[in-house]
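All heavy atoms count here, side chains included; hydrogens, waters and symmetry mates do not.
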Amino acid sequence: MSSPMPFPAPLPKPFDAAQAALGLERWRQQAAAAEPETRAWAEAFAESEPGRALVEAVCGNSPYLGHGLTRELPFVRKTMEDGCDATFAALIAALHAEHDEERSMDRLMAGLRVAKRRAALLIALADIAGVWPLFRVTGALSELAETGVRLAANFLLRRAGEAGTLTLPDPQRPWVGSGLIVLGMGKLGGRELNYSSDIDLIVLYDDAVVQTPQPDNLARTFIRLARDLVRIMDERTKDGYVFRTDLRLRPDPGATPLAVSVSAAEIYYGSVGQNWERAAMIKARPIAGDEVAGASFLRFLEPFVWRRNLDFAAIQDIHSIKRQINAHKGHREVTVNGHDIKVGRGGIREIEFFAQTQQLIFGGRDPRVRIAPTLMANEALRDVGRVPPQTVEDLAAAYHFLRRVEHRIQMIDDQQTHRIPAEDAGVAHLATFLGYGDPADFRAELLATLGQVEDRYAELFEEAPSLSGPGNLVFTGTDPDPGTVETLAGMGFADPARVISVVSAWHRGRYRATRSGRARELLTELTPALLSALAKTPAPDGALMNFDDFLGKLPAGVGLFSLFVANPWLLELVAEIMGIAPQMAATLSRNPSLLDAVLSPDFFDPLPGKDEGLAADHARVIAAARDFEDALTLSRRWTNDQRFRAGVHILRGITDGDRCGAFLADLADLVVPDLARRVEEEFAQRHGRIPGGAWVVVAMGKLGSRQLTITSDIDLIVIYDIASAGQGSGAPLLSDGARPLSPNEYYIKLTQRLTNAITAPMADGRLYEVDMRLRPSGNAGPLATSLAAFVKYQASDAWTWEHMALTRARVIGGDAGGSALDLAGRVTEAIRSVLTAPRDPGRLLWDVADMRRRIDKEFGTANPWNVKYARGGLIDIEFIAQYLQLRHGHDLPDILHVGTAKALGCAARTGALTPEVAEDLEATLRLWRRVQGFLRLTTAGVLDPTQVSPSLLAGLHRAAFPDEKTAEPVDFPELDRRIRAIAARAHGHFQALVEEPASHLAPPGAVKEDPKLP
């Protein structure tokens, strides 16, 4: 190529005439400052028609190239006079001559950067002027990168040898026998680099070959070498950079160091290597380091990459590389502006995958198709009859066109991008740089090319169902697929990049459940449905992390994934649990076998009562206990299984938080007394028993009133008594075991053992959290109280709120009448005596109102969805029921009932409350329980009205108003308005019954601080 001769292809017109003129002026300024021969040549070149056209074409279209062109006049002259091939060859030869034995990293880095700048200019000129075809352009870029990597690797090996960290067999040729393997991957491996490409490398070291006097530092030595290799190539200095360098194609990059030993790599590829990694390895090529070790490693990989026998599932997984992309044939909606011509629809990746997927399937038996460059691979597939000749021809034409467009995009400003400009002016600029007179012609050709590629690509495996869902769902490779990012964002995920990272980690076999190939193949099939299901939950990102935690704890995956494939509704249920019910998600993560129960025919039948099979089922399970620890384990497992079932019923609307309360209380009523008996037997082996002694467990709070929720703790108190006949003569009474204890000490320690047995965390989680602050004197009192002390405390020292709490007290375990004491009956009678004792109505009224005022001061809220503390919520209604029972218990003992709803009904029947108010309060109470039961499953804390997803809103509406059936979407503001109105009406009842009459009373003396607020 010489100055007076026209170039082989027409040069593009300058898009920016002003920049072209400025570039020509800079050329002349640089020429004026050059030495005489260069000045004379440069001035003549600028005056010639082809020379002027070249300067204007470059400067008027690419600020980056224009700067390089005017900066490198002597190099441009050499290129024009000697030709592109000879100049490029001389540049590579000069690099070797100057740096083959380099001892200075700074000199090496500077030399490589200057060479890259000049080579980039030369290659761009050869491309723009049509001097070089595509394969020569990409080949020159690849040769430059390979040369730089080799020089850097040799320098680093030599330095390590001189530092004594490696022993080099041939210091003059440091790569020989070094054990270092640098694989060029992707476009570098296939000699297909694009103009502003980064380079993908895998750095390995053969730990069976490397010689080192410091074997303990072997890994650190090569990690440091890899880090310095990246620095030499990638770091920006005053001279620029050589190539952006990416090491993320190494085995499991999120969990492995920058340099990986061959032994570790062999284990990885032999066990959890993925099909997309097999596809990537088609282009793997040793470009630096120990050539013998590199060739040996690739020979090891041959059975991994080229499998002779592929079962159906493996072929399906290979197909999934394509099927995860939303490919269409015929009708399409592709816009030019902003389109990614690499990974977008109809882009370069589809042409590459077209070849690679078929190479993976057929290459195991036919070595003729084992070719790295994309177009050559398609030609080989054509030659063996696997691809029609016309398809190969169409894809080749499209590939040349798209790579040319890609290069012009990148040449404009040396940016590693593959996107068409988003603005019309940018598209016009690109069209001009490509030689089009009218941008419309470029748009038409681009759309036709993309469409043709998409048609050919969609023909692959077109019988296979799509795995792409509503758009791309690609989790292969290292960079997030832009289409997948867009798809996930559209589905409602807030952090698509994190989603891609998490799902990619599943496929890398980091969890036991995904280590087998079959498990990963099944998971590939399930992923779109799983993500779609998770996206329907209130917080999809959190739901995904819950599922990731669940997956990480699975002992194996094939069985469960197969279950999901066969029962898609079960996968939807799991996704719903992960996204809506955090407590259930934690339970399921601890015990995935719970899903087996979901498949049983009776799982969705109505929840049984204690006498309708529940007690018998508990007895059957606990009968298998071999010892005390076994009983603890079985109790937890059975209870959590039943709670899980109840939670699923609530989620699915089969039951609700109100109706479920009795079932959940039945569970505790069965498990706690059984554990109390076993704890006592275990305790007696060391300490014996108290002669004539008995004890009972009294349920308080929600357990006492049989209103438990899925997440409720349980309020308990323990009361004991000793028959006087068992106390003998005046000697101190002690237990009759090897380590005797006094009664107080005995029952306190026994109570501690019981609470520990209930609350101890085990593999299946805790049974319940236990709260014992409702015992006499609260935390200041002993854990176990004698009946006499209990009666005395309630008669003389108890607060009004403690008597209110007693309205929900009931004996659930311990002595049930089998002993002479009949302690259970006596405690029940003692509680009833307290509740039916005469009391000062004014003092009672004032105390109840004051207690509610102080609770509101500490916990008050304007959020009606905080159904416990909001005015008109649970506390208001429970306080009304408790107040009425204490107010009228003496005169109307039939008003007493541990259940709040039943107590309101009793109040109406006895005349203590009008039937209309009782009915309204009971209906509101049941509504609050339904809402609370649902929210305890679906929110961590209190519902934020501004963070209500459609699925959560639908569940709330169903919980609040189960009888309303509507096909129309529920409007949250309207639902919120209705809830507020109901709360206001209930609050009005509290005001009328308690607050307003109490406001006319004088405070009865000093008000003391209560130890615990309800």
With sequence neighbours left out, write down each residue that passes salt bridge (Lys or Arg N to Asp or Glu O under 4.0 Å) with R136, or none if nothing qualifies.
D85
Could you tell me whether a side-chain N or O of D198 sits under 3.5 Å from a main-chain N or O of R244, the two making a donor and an acceptor?
no
With sequence neighbours excluded, tell me which residues meet side chain to side chain contact (heavy atoms under 4.5 Å, CB included) with D541.
F493, A494, D495, V499
By side chain to side chain donor-acceptor pair (under 3.5 Å), which residues pair with R250, not counting sequence neighbours?
T256
Applied to residues 409-429, the salt bridge (Lys or Arg N to Asp or Glu O under 4.0 Å) test, sequence neighbours excluded, yields D424-R443
Using a 3.5 Å cut-off and no angle test, enumerate the donor-acceptor pairs between side-chain atoms of residues 224-231 and protein atoms at least two apart in sequence or in another chain.
{"from": "D228", "atom 1": "OD2", "to": "R159", "atom 2": "NH2", "distance (Å)": "2.6"}
{"from": "R231", "atom 1": "NE", "to": "E235", "atom 2": "OE1", "distance (Å)": "3.2"}

Residue list, side chain to side chain contact (heavy atoms under 4.5 Å, CB included) with R404, at least two apart or on another chain:
R408, L434
State which residues pass side chain to side chain contact (heavy atoms under 4.5 Å, CB included) with R510; sequence neighbours excluded, sorted by chain then number.
D252, A255, A505, R508
Per-pair distances, 0.1 Å, donor-acceptor, side chain in residues 369-377, under 3.5 Å, sequence neighbours excluded:
{"from": "R370", "atom 1": "NE", "to": "G363", "atom 2": "O", "distance (Å)": "2.8"}
{"from": "R370", "atom 1": "NH2", "to": "G363", "atom 2": "O", "distance (Å)": "3.1"}
{"from": "R370", "atom 1": "NH2", "to": "G364", "atom 2": "O", "distance (Å)": "3.3"}
{"from": "T374", "atom 1": "OG1", "to": "E192", "atom 2": "OE2", "distance (Å)": "3.3"}
{"from": "T374", "atom 1": "OG1", "to": "K283", "atom 2": "NZ", "distance (Å)": "3.1"}

Would you name the heavy atoms of E277 and V272 that are closest together and state the gap between them?
OE1-O, 4.3 Å
Can you list everything that forms a side chain to side chain donor-acceptor pair (under 3.5 Å) with E102? Sequence neighbours excluded, please.
H99, R107
Sorted by chain and number, sequence neighbours left out, ring-ring contact (aromatic ring centres under 6.0 Å, His included) with F304 holds for Y269
For A288, check side chain to side chain contact (heavy atoms under 4.5 Å, CB included) against everything at least two apart and list the hits.
V149, R150, A153, V182
Of all pairs that satisfy ring pair (Phe, Tyr, Trp, His ring centres under 6.0 Å), the ones with a partner from residues 400-436, not counting sequence neighbours
F15-H429, Y436-F442
Between CD of E56 and CG of L22, what distance do you get to the nearest 0.5 Å?
12.0 Å
